[in-house]
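Here is the structure we will look at, set down as structure tokens.
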Amino acid sequence: MYYTCQLHMSRRTIPHYEPLKIEPKWQKKWLKEKTYKAIENDKEKSYVLDMFPYPSGRLHMGHVRNYSIGDCIARYRRHLGKNVLRPMGFDAFGMPAENAAIQNNVHPSQWTKQNIKAMTKQMQRLGLFVDWDRMVVTCEPSYYRWEQWLFIQMFNKGLAYRKKSLVHWCPKCQTVLANEQVENGKCWRCASSVIQKDLEQWFLRITRYADELLEGLKTIEKGWPEKVVTMQRNWIGRSEGAMIDFTIEGRSESIRVFTTRPDTLFGVTFISIAPEHPLLASEAGLVPQEQKAVVDAFIQKTKKEDFSQRKLNLIEKEGIFTGIYVSHPLSKQRVPVYSANFVLMDYGTGAVMGVPAHDQRDFDFARKYDLPKKIVIQPLGRSLDPEGLQEAYTESGTLVSSDVFNGLDNLLAKKMIVDALSKIKMGESAVTYRLKDWGISRQRYWGTPIPMIHCESCGIVPEDEKNLPILLPKKAPLTGQGGSPLSQVNSFVKVKCPKCEGAAKRDTDTMDTFMESSWYFFRYASPNYEKGMFDKSLATYWTPVDQYIGGVEHAVLHLLYSRFITRVLRDSGHINISEPFAKLLTQGMVIKDGEKMSKSKGNVVDPDDLIAKYGADTVRAFSLFAAPAEKDLDWNDRGVEGLYRFLDRLWRFVLILHSATENENSVSDQEIQQDPVAKSAMTELQKAIKGVSEGIERFHFNTAISAIMELINHVSGQRSDFWSLSEKSQDDLSPATHLVWSKIKRQIVILCEPFVPHISEELAKQMNMQDMVSHQPWPLVDNLWIQEGKVTLVVQVNGKLRGKLDVPRGLSKDEVLTLAKENENVGRFIEGHSIAKTIYVPDKLINLVLS
RNA sequence: GCCGGGGUGGUGGAAUCUGGUAGACACACGGGACUUAAAAUCCCGAGGUUUAGUGAUAAGCCGUGCCGGUUCGAGUCCGGCCCCCGGUACCA
């Protein structure tokens, strides 16, 4: 495995780049010496965090990409002198473990532990910058104990509560899903169609923080992708409007509607309510006898319709007259009440005022059922009439047919009408949110048990904190059928009530796994802390996370829940921050042949195979080089080969520089200036330092790596015999070149360390460098060398490129103009014309504008 | 529909923040050197097109989805449109 330098017949040989030999050695050393351990100190801290993985069994390329990015940032920041924390852990509760248990008869805990072990090994084989002493595994009782404790605190503050409600239910996973876990009417995990069930469940009152979560986005929007901020904003879905009461004819109660357009109140020609609305239930006794049969039939029919389809607006608008009438709160006119399938019970009040002239849905509905359209807003300079109206007019305008509000601008009218309603207690301004409370009960085994007890005499009682953790029983029947597995474990269910000591039952649901991931980043500050969720002073030192990296798929789930829980912890005095993640980088997917990598498509690339073939450095470097971080990365096997070849080139490049520059003598800057070879090499080195630094800072890792390639291309091109140089060649290198090359060999290993740490450390060692590369400071750009020297100045005539001038920097406009006119090609274009104007950008270009 | 992001060679992408040589760097391709041969390695070439020249080459024109504008100068800024990707949705 040795090749001999060709031209010089040198006795010296340079061993080939052999990643598989050098990588394990360094990985062992890093682990043994705890090279990347984070210890609190006086330096500026930097907390770099990747979203922790679910222990599915094996790393996939998405993980590799994620960790390569985080690793690069962590390493770079350490070189900059920051105190870097880069921890790793596992989001270890969840369904796949339980499914594996059902299918293969392995205990979820065993399955999970095996996977954690295997995946940890894979990560170590990648050579990640990680403080392994801070590992957090969420299925450990020492972790979930504090989650149970948090739940009790939230219960005591009214932030955790139980209610019966319609919830999303996945028939395949046999469990409830949160709103955020339903995508297009399908389960986020298994893609089964979700159905609705009426169940009693635990909820966390995230809506109490709705406004704050919305406002808080302003403080982080600079550090987060705009896309994610927008998604959260839309998800919270704040809308301002009014609640308005329509009194039911012959009754004292009223139907309350929510509207964002109180200015169109006089345009109401009907009311529509959701089929599930309680007023339609028989108990309410509102629907007249003669209408009862048809109304019930309509309700039944709508209920049968696929709920998700109804939400997705795929079903034609349908409705039925309920026989109920209400009275308009201001005009006192009689208004019919319809039940309509497009009105949703879970938003607003489940009842809507129908204004066909100014709302498109109402317009469609009115057209179908031949209901009148009343125009109450006229646009400026036009006059709408109900007969000619082809669609609802939803823009602004002036109020008409609206009693005392006629002539008002509609924006002003909004406020005036709500005021008028408030006075007679028939309405008030109101804000609604799309965001709903977070349902966290899961009828599954492999999760954190909810530390609550149901007592017949005392009601719902929290477990005594002394008894935490409430351990998940080791044995439970796992069949995937028949509700919570824990309900079948007698020893778990039967407890004494902490209040009255009477016989009571434990809650048998477990918490949504998103609970664990909502605070793990605090736990890393003190992973083994036993007196609470985390040590406040340590968490205060490290958090917020300075740079968070992960997939965009968590834009509203994990990233919103974490912001919520952080605020809960803040309000109970456990931490002083509101926002857990100061900066967020969402990396794109790894795709192959235009499709997402997946087993079913058979286009999965296994990181282990690649590491076994090319080594970790190649895999890491490729995943950074092939595309900008935030874009999708199209996997390309040839590209990997290319990166491997580059690393081989890097390897030989550094060793050749080394063998050619073993004896260094001191040379002044001036001597370098006067030596063209040395000087241009120096300039290229400075450009590379600049390019790599800026690339990493802007997360343009692809251009950062190309800056290193350019340096190698340039220096190796300085001599035609470069690739066969040896120590013999020292004699024919100028002292200045000798020095600059020597500088390059020392600095290039630092520049490439964030991308390819193994090869970098190994090269440093082979060059007998004292310290490990990871402890070296980042080289600073010496602008002197970049600014020095000649520049290529562009000459334009009328904005078109006509010539180039190689000139020294800092020439005056007149000097350049004279040179430009002398240029033969430029001369051809200006001949016979006079120059009307000259634009000169120093050291860049001159543009001659002809008259 | 609404909200984001994007559209640049055969391909991934650079230059876009801050208007100033479009195509860095790489992949793929083609040619050459080395080799008995191959691999590896090294070197060279390359957006399209036209003109002149045997030729190396020189020069012109066109070119960053489309149309228009601002500017001495637009891939970059502004207005309008088309297409692709992602998110979201009877949200009252």
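Each chain gets a letter, A, B and so on, in the order the sequences are listed, and its residues count up from 1.
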Given that both distances must come in under 3.5 Å, which nucleotide forms a Watson-Crick or G-U wobble pair with B:rU36?
none
Considering every strand and a 4.0 Å limit on heavy-atom distances, what is the contact class for A:E226: base, sugar-phosphate, or nothing?
sugar-phosphate
Among the nucleotides B:rC72, B:rA92, B:rU21, whichever has the atom closest to the side chain of A:L801 is B:rU21
What nucleotide among B:rU88, B:rC3, B:rC25 has an atom nearest to a side-chain atom of A:T230?
B:rC3
Give a yes/no answer on whether the side chain of A:R649 brings an N or O atom under 4.0 Å of OP1 or OP2 in B:rC42.
yes
Is A:K368 atom NZ crowded by more than 12 heavy atoms from other residues, nucleotides or ligands, each under 6.0 Å away?
yes
Taking 4.0 Å as the cut-off, does a side-chain nitrogen or oxygen of A:K800 come that near to OP1 or OP2 on B:rC62?
yes
Taken to the nearest whole Å, CZ/A:F625 to P/B:rA14 is 10 Å
Is the ring pair A:F246/A:H328 parallel, tilted or perpendicular, if the boundaries are 30 and 60 degrees?
perpendicular
Identify whether any heavy atom of A:N702 sits under 4.0 Å from a base atom; if not, whether one sits that close to sugar-phosphate; answer base, sugar-phosphate or nothing.
sugar-phosphate
Do A:Q796 and B:rG20 share a donor-acceptor pair, side chain to base, under 3.5 Å?
yes
A:R645 near the nucleic acid: base, sugar-phosphate alone, or nothing, with a heavy-atom cut-off under 4.0 Å?
sugar-phosphate
Any side-chain N or O of A:N713 below 4.0 angstrom from OP1/OP2 of B:rA26?
yes
Over all strands shown, is A:V352 touching base, sugar-phosphate only, or nothing at heavy-atom distances under 4.0 angstrom?
base
Run the salt-bridge test on A:R233 and A:E221 with the 4.0 Å N-O cut-off and return the result as yes or no.
yes
Measuring only the C1' atom in each nucleotide, how far is B:rG80 from B:rU88? A whole number of Å is fine.
26 Å
Under a 3.5 Å cutoff, is there a donor and acceptor pairing between the side chains of A:H714 and A:S680?
yes
For A:R238, report the nucleic acid contact type (base, sugar-phosphate, nothing); a contact means any heavy atom under 4.0 Å.
nothing
Any side-chain donor paired with an acceptor under 3.5 Å for A:D721 and A:W723?
no
Just to be sure I understand the rule, does A:R361 reach a base, reach only the sugar-phosphate, or reach nothing, if contact means heavy atoms closer than 4.0 Å?
base
SB check A:D359 A:R261 (cutoff 4.0 Å):
no
Does A:P628 reach a base, just sugar-phosphate, or nothing at all? Heavy atoms under 4.0 Å.
sugar-phosphate
Using a 4.0 Å heavy-atom cut-off across all strands, classify A:D648 as base, sugar-phosphate, or nothing.
nothing
Check the chi torsion on B:rG9 and let me know: syn if it falls within 90° of 0, anti if not.
syn
Phosphate contact (B:rC61 OP1 or OP2) by A:R802 side-chain N/O below 4.0 Å
yes
Scan A:G642 against the nucleic acid and name what it touches under 4.0 Å (heavy atoms): base, sugar-phosphate only, or nothing.
sugar-phosphate
Base, sugar-phosphate alone, or nothing: which one does A:Y840 contact when heavy atoms must sit under 4.0 Å apart?
nothing
